[in-house]
Amino acid sequence: MQDREILSICKALSNEQRLQIVRCLDHGERCACELLDGLNISQPTLSHHMKLLETCGLVTARRDGKWTIYSLSCDVLSDFQATIAVFRCCDATRGRSCRGDKATR
């Protein structure tokens, strides 16, 4: 995953409402009307948030008649999780230094 992709996802998740949307979609696909019921936002605000989540790749949308159905993109989410899983805490109190070897206490 490229740095710009990581930054785009982090930026998208840095908004409380977008984070709530992602948490809601974690339980399965939802139409916009279902997302609106769970959030205290207007339809234009939801559209704005969904566009940002789609642009970074975390969310996909499909049309079902007059409804737009949203879901998480499992491939992008898995890539993002794998990317951030390699980050390590450089904390001498936990026996880790930033060089990857055991820190001396």
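To the nearest 0.5 Å, the span separating CZ on Arg62 from SG on Cys31 amounts to 10.0 Å. To the nearest 0.5 Å, atom OG of residue Ser71 and atom CG of residue Asp26 are 12.0 Å apart. Considering CG of Leu53 and CE of Met50, their distance stands at 5.5 Å, rounded to 0.5 Å. With rounding to the nearest 0.5 Å, the separation of CH2 in Trp67 from CD in Glu34 is 9.5 Å. To the nearest 0.5 Å, atoms CD1 (Ile21) and CD1 (Ile41) are separated by 5.0 Å. Put simply, CG on Asp37 and CZ on Arg30 are 11.0 Å apart, with the number rounded to the nearest 0.5 Å.
The shortest side-chain heavy-atom distance between His49 and Leu39 does not fall under the 4.5 Å cut-off. Under the 4.5 Å side-chain criterion, counting only non-hydrogen atoms from C-beta, Leu52 is not in contact with Val59. A 4.5 Å side-chain heavy-atom check between Glu5 and Thr83 finds every atom pair outside the cut-off. At a threshold of 4.5 Å between non-hydrogen side-chain atoms, the residues Leu13 and Phe80 count as touching. Residues Thr68 and Arg63 are in side-chain contact: their nearest non-hydrogen atoms beyond the backbone lie under 4.5 Å apart.
For Ser14 (side chain) and Lys11 (main-chain N/O), a donor-acceptor pair under 3.5 Å exists by modelled atom type. Side-chain atoms of Ser8 never come within 3.5 Å of backbone atoms of Arg4 as a donor-acceptor pair (strictly under, hydrogens ignored). In this structure a side-chain-to-backbone donor-acceptor pair under 3.5 Å is present from Arg18 to Ala12.
Minimum interatomic distance between Leu35 and Tyr70 (heavy atoms only, all atoms of both residues): CD1-CD1, 4.0 Å. Contact record, Cys56 with Val76: O-CG1, 4.2 Å, taken as the closest heavy-atom pair.
With a 6.0 Å radius and a threshold of 12 heavy atoms from other residues, nucleotides or ligands, Asn40 has its CG atom at or below the threshold.
Ile69 and Leu72 are assigned to two separate hydrophobic clusters, defined by single-linkage of ILVMFWY side chains at heavy-atom distances under 4.5 Å. Note on Val86 and Leu7: separate hydrophobic clusters, where clusters join Ile, Leu, Val, Met, Phe, Trp and Tyr whose side-chain heavy atoms are under 4.5 Å apart, directly or indirectly.
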